[in-house]
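Input: a single structure, listed below in structure tokens.
Chain letters run A, B, ... following the sequence lines, proteins first and then strands; every chain starts at 1. Quick caveat, the model's predicted, so the values are computed rather than measured.
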Amino acid sequence: MTLWINGEKRTGIDAYDVAELVVALGLPAPAVLVEHNGVALRRAEWEASVLREEDRLEIIRIVAGG
Amino acid sequence: MSHSIIDPSRLERIEFSNDEIARYSRHLIMPEVTMEGQKRLKAASVLCIGTGGLGSPIALYLAAAGIGRLGLVDGDTVDFSNLQRQILHGTKDVGRKKLNSARDSIREVNPNVQVDLYDTFFTAENARQIAEPYDVIIDGTDNFPTRYCSNDVSVFLKKPNVYGSIFRFDGQATVFAPHLGGPCYRCMFPEPPPPGMVPSCAEGGVLGVLPGVIGVIQAIEAIKLIMGIGEPLMGRLLHFDALKLKFREFKLRKDPKCPVCGPNPTITDLVDYEQFCGIPQAKAAEAEETLVPAISALDLKAKLGRGDRFVLLDVREPFEFDICRIPGARLIPLGELAARMSELDSADEIVLQCKSGMRSARALKLLQEAGFGKLWNLDGGILAWSETVDSSVPKY
């Protein structure tokens, strides 16, 4: 599947929903925020957010330093 | 255009000397600010939690801009490793309390500012009392427990919490203010990530200039809330990538089920934030993990002095080995150890060493499982070696 992740085109991604995508990208789920097609998702909504071709995702890893 | 969080009645007593008028003239001539906005700044009080990388530009710029009262919370002392980014503190301040050094720098910039010092860390025990008198809370801390504490106390006291965080080349900022219709930190992250998942700047490093960018954004947001101008960075997380030099904006939603700012909160008072973030549990697990045969730095020195036959194995990364090393040490990074075990002889006595003793303890267990018998872990790593044996080895 082809997705736009943080503005960059990514091809060959195998994920059914946002939860699977976070795993497929090797990201630490508890430290990640996801926006799917312009909608900010809560963690509980990741499974219900099914991915389609050319979907746009913004993914941010939280940082805590100061 | 938003409303100022400063009640107009508080501006009646505010006056400026001619020196102050000259000092703030570049503000006063802007129609968005005028005497009215500058009075709001002087009437306002801001609490800055932390006087480190973020706290430095926040405090210096708010002071320069003419904030009336600035509270600073920090229980730390100035270390050489702070100076690359914490511009409140200078070389002569190493070893001083950060608060004293911060107070001196702020006085130098603007003696008209009232500076309140809280020589402590911000915890459930003192947070409410410290934060109560201030109009805006600014979170410039460096750890999850203090961030949740800062969030919760701001929600309970109905004060905006101007958030900023940094790591390596990335920074983030937003304004949490449920009482003004925005989300809070817990809407964004109901549960803290487990300890170790999000490394600190001490562990992963940080570009020294980066907190300048993020701290200044936090100072701007505080000033806008106080003056009641512009659009606050509320419900939006601003992410800054210094390497790509790109800003991205990320929507944040208020969570109707939020345990602190939702309509049916389950958390109505401050909690033990260390416990909530799993810190004691992680420390216990870490103590368990380093429970391996250990040798002190002094004993290792004696062992070397006696000319004992053994291998000193450094399991850090090559770039760390370049910074400093114990003479005679061999380098095999922990991540390569499993594949390069054949380079070692299980008949040899081996002393394992890293920066602080954690990675070498893991390496020791790896070798133990592979049948190596005569193994020791250098307690406290090369930091302890520098501290107790050879101060010419730099600490990093």
Side-chain angles (χ1 to χ4, degrees), chain A, chain B residues 49-55 58 86 139-147 163-168 170-172 183 185 187-194 196-206 210-211 214-215 235-237 239 241 244 246 248-253 255-258 277:
Chain A
M1 169 185 298
T2 299
L3 298 170
W4 292 88
I5 298 175
N6 298 341
E8 283 172 24
K9 192 173 187 172
R10 298 278 299 265
T11 52
I13 290 176
D14 182 20
Y16 175 73
D17 55 33
V18 167
E20 283 190 18
L21 175 68
V22 169
V23 173
L25 295 173
L27 294 168
V32 163
L33 285 177
V34 184
E35 195 181 289
H36 181 205
N37 292 333
V39 179
L41 299 181
R42 294 191 193 97
R43 190 84 31 85
E45 296 166 339
W46 285 7
E47 270 91 12
S49 302
V50 176
L51 297 169
R52 307 199 193 290
E53 283 292 335
E54 304 278 329
D55 272 2
R56 285 172 297 108
L57 294 122
E58 291 288 327
I59 304 179
I60 288 181
R61 270 181 86 150
I62 197 73
V63 297
Chain B
I49 307 168
T51 60
L54 293 171
I58 293 167
Q86 303 185 8
D139 181 348
T141 64
D142 61 358
N143 62 81
F144 283 106
T146 317
R147 289 193 183 282
Y163 170 93
S165 63
I166 49 167
F167 179 65
R168 294 171 58 84
D170 288 348
Q172 292 159 0
Y185 189 54
C187 297
M188 181 170 87
F189 275 101
E191 296 290 331
M197 181 176 277
V198 179
S200 70
C201 295
E203 292 160 330
V206 61
L210 181 71
I214 301 301
R236 307 179 275 148
L237 180 76
H239 176 94
D241 179 338
K244 290 187 178 150
K246 271 190 182 163
R248 282 196 286 149
E249 211 177 278
F250 193 94
K251 289 189 194 76
L252 294 178
R253 273 154 73 201
D255 184 354
K257 289 182 188 155
C258 177
C277 294

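Of the atoms belonging to Ser200(B), not a single heavy atom falls under 4.5 Å from chain A. Looking at Asp255(B), the atoms closer than 4.5 Å to chain A (heavy atoms on both sides) sit in the backbone and in the side chain alike. Interface remark: Glu203(B) contributes no atoms to any contact with chain A (heavy atom separation under 4.5 Å). Only the side chain of Lys244(B) comes within contact range of chain A, with heavy atoms under 4.5 Å apart. With a 4.5 angstrom heavy-atom cutoff, Phe189(B) touches chain A only via side-chain atoms. For Val206(B), no part lies near chain A; criterion is any non-hydrogen pair under 4.5 Å.
Here CD of Glu53(A) is found 10.0 Å from CG of Leu51(A). Values are rounded to the nearest 0.5 Å. The CD1 atom of Ile5(A) lies 10.0 Å from the CG atom of Asp55(A); values are rounded to the nearest 0.5 Å. Note that the OH atom of Tyr163(B) and the CD atom of Gln172(B) stand 5.5 Å from one another [nearest 0.5 Å].
Identified by a heavy-atom distance below 4.5 Å to chain B, the contributing residues of residues 56-66 of chain A are Glu58(A), Ile59(A), Ile60(A), Arg61(A), Ile62(A), Val63(A), Ala64(A), Gly65(A), Gly66(A), in residue-number order. Listed in order of number, the residues of residues 38-46 of chain A that approach chain B to under 4.5 Å between heavy atoms are Gly38(A), Val39(A), Ala40(A), Leu41(A), Arg42(A), Arg43(A), Glu45(A). Contact annotation for residues 21-37 of chain A against chain B (heavy-atom separation below 4.5 Å, listed by residue number): Pro28(A), Pro30(A), Ala31(A), Val32(A), Leu33(A), Val34(A), Glu35(A).
At a threshold of 4.5 Å between non-hydrogen side-chain atoms, the residues Thr2(A) and Lys9(A) count as touching.
The residue among Lys246(B), Arg147(B), Gln86(B), His239(B) with the most heavy atom pairs within less than 4.5 Å of chain A is Arg147(B).
For the pair Leu252(B) and Met188(B), the tightest heavy-atom approach, listed with the atom from each and the gap, is CD2-SD, 3.7 Å. Residues Phe167(B) and Gly204(B) come closest through the heavy atom pair CE1-CA, 3.7 Å.
The local environment of CZ in Arg248(B) is crowded, with over 12 non-hydrogen atoms from other residues, nucleotides or ligands closer than 6.0 Å. By the neighbour-count criterion of 12 heavy atoms within 6.0 Å, atom CD of Glu8(A) is sparsely surrounded, having that number or fewer from other residues, nucleotides or ligands.
Exactly one residue among Leu54(B), Ile58(B), Asp170(B) makes a side-chain contact (heavy atoms from CB on, under 4.5 Å) with Ile214(B). That residue is Leu54(B).
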Would you list the atom pairs, donor with acceptor, under 3.5 Å between side chains in residues 10-18 of chain A and any protein atom, with sequence neighbours excluded?
{"residue": "Asp17(A)", "atom": "OD1", "partner": "Ala19(A)", "partner atom": "N", "Å": "3.1"}
{"residue": "Asp17(A)", "atom": "OD1", "partner": "Glu20(A)", "partner atom": "N", "Å": "2.8"}

